[in-house]
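Below: the structure, in structure tokens.
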Amino acid sequence: MKFLVLIYGNPESRAVWDSLSDEQKKEGMAGYAGLHEALEARGELVASESLDDPGLTKQVLVRDGKPLTTDGPFAEVKEQLAGFYLLDCESMDRAVEIVAQIPEAPFSVVEVRPVRDLGAFM
């Protein structure tokens, strides 16, 4: 089963990161590297990325076949998508276990969502 793990940041979680020393940041990144290695070894990691500054976002709407863009994100949105994991693991319970190992999880919001199989429509 595939699961998308969405990691959300906010001004408070960004402030926590910014307050860390360079050594603490290196430790945090080492935690991510260790998690990646473990997930790859188990064959559970499909993809993982950290996303850039939300201020660089473009929202795209397609109207009459033409893309219209606006700068994003919207100011009223507090939580911003900061990164993701695409996992292929045995169950939702296992995906939740993995989330508990994400170094950022203790001071972020993390959502786990099953990926819908659209193979029957192909």
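What you see below is based on every heavy atom in this structure, not just the backbone, and it leaves out hydrogens, waters and symmetry mates.
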Original post:
Does a side-chain heavy-atom distance below 4.5 Å link L6 with V110?
Top reply: no
Original post:
Heavy atoms, side chains only, cut-off 4.5 Å: are R94 and I98 in contact?
Top reply: yes
Original post:
Taking all non-hydrogen atoms of both residues, which atom of K25 and which atom of W17 are closest, and how far apart?
Top reply: CE-O, 3.0 Å
**OP:** For residues V60 and P67, report the shortest heavy-atom separation together with the two atoms involved.
**Re:** CG1-CB, 4.0 Å
**OP:** State the OH-CD1 distance between Y85 and I102, to the nearest 0.5 angstrom.
**Re:** 5.5 Å
Original post:
In the single-linkage hydrophobic clustering (I, L, V, M, F, W, Y; side-chain heavy atoms under 4.5 Å), do M92 and V109 co-cluster?
Top reply: no
Subject >> Under 3.5 Å donor-acceptor, S13 side chain and G9 backbone >> reply: no
Original post:
According to a 4.5 Å side-chain heavy-atom criterion applied to Ile, Leu, Val, Met, Phe, Trp and Tyr, with indirect links allowed, do I7 and L35 form part of one hydrophobic cluster?
Top reply: yes
Subject >> D71 side chain near K58 side chain, heavy-atom distance below 4.5 Å >> reply: yes
Original post:
Does E40 reach the main-chain N or O of E37 with its side chain, forming a donor-acceptor pair under 3.5 Å?
Top reply: no
Original post:
Is there side-chain contact between L87 and L39, with at least one heavy-atom pair below 4.5 Å?
Top reply: yes
**OP:** Flag yes if L51 and L4 sit in one hydrophobic cluster, no otherwise; membership is Ile, Leu, Val, Met, Phe, Trp, Tyr, and two members link when side-chain heavy atoms are under 4.5 Å apart.
**Re:** yes
**OP:** Kindly give the heavy-atom pair with the smallest separation between A95 and V112, and that separation in Å.
**Re:** CB-CG1, 3.8 Å
**OP:** Step through the shown structure and confirm whether more than 12 heavy atoms of other residues, nucleotides or ligands are within 6.0 Å of CG on D22.
**Re:** no
Subject >> Contact list for residues 102-122, test ring pair (Phe, Tyr, Trp, His ring centres under 6.0 Å), sequence neighbours left out >> reply: none
Original post:
To the nearest 0.5 Å, what is the distance between OG1 (T69) and CG (L61)?
Top reply: 9.0 Å
Original post:
So, do M1 and C89 sit near enough that their side-chain heavy atoms are less than 4.5 Å apart?
Top reply: no
Subject >> Crowding at CD, E12 (>12 non-hydrogen neighbours, <6.0 Å) >> reply: yes
**OP:** Check salt bridge (charged side-chain N to carboxylate O under 4.0 Å, His left out) between R42 and all other residues, then give those that pass, not counting sequence neighbours.
**Re:** E44
Subject >> Check: V16 main-chain N/O paired with S19 side-chain donor or acceptor under 3.5 Å >> reply: yes
Subject >> Non-hydrogen side-chain atoms of H36 and S48 separated by less than 4.5 Å >> reply: yes
Original post:
Is there a path from M29 to L45 through hydrophobic residues (I, L, V, M, F, W, Y) whose side chains come within less than 4.5 Å of each other?
Top reply: yes
Original post:
Nearest heavy-atom pair of P103 and G28: which atoms, and what distance?
Top reply: CG-O, 3.8 Å
**OP:** Any pair with a residue in residues 111-122 that passes side chain to side chain donor-acceptor pair (under 3.5 Å), sequence neighbours left out, goes on the list, sorted by first then second residue, please.
**Re:** Y8-E111, E111-R113
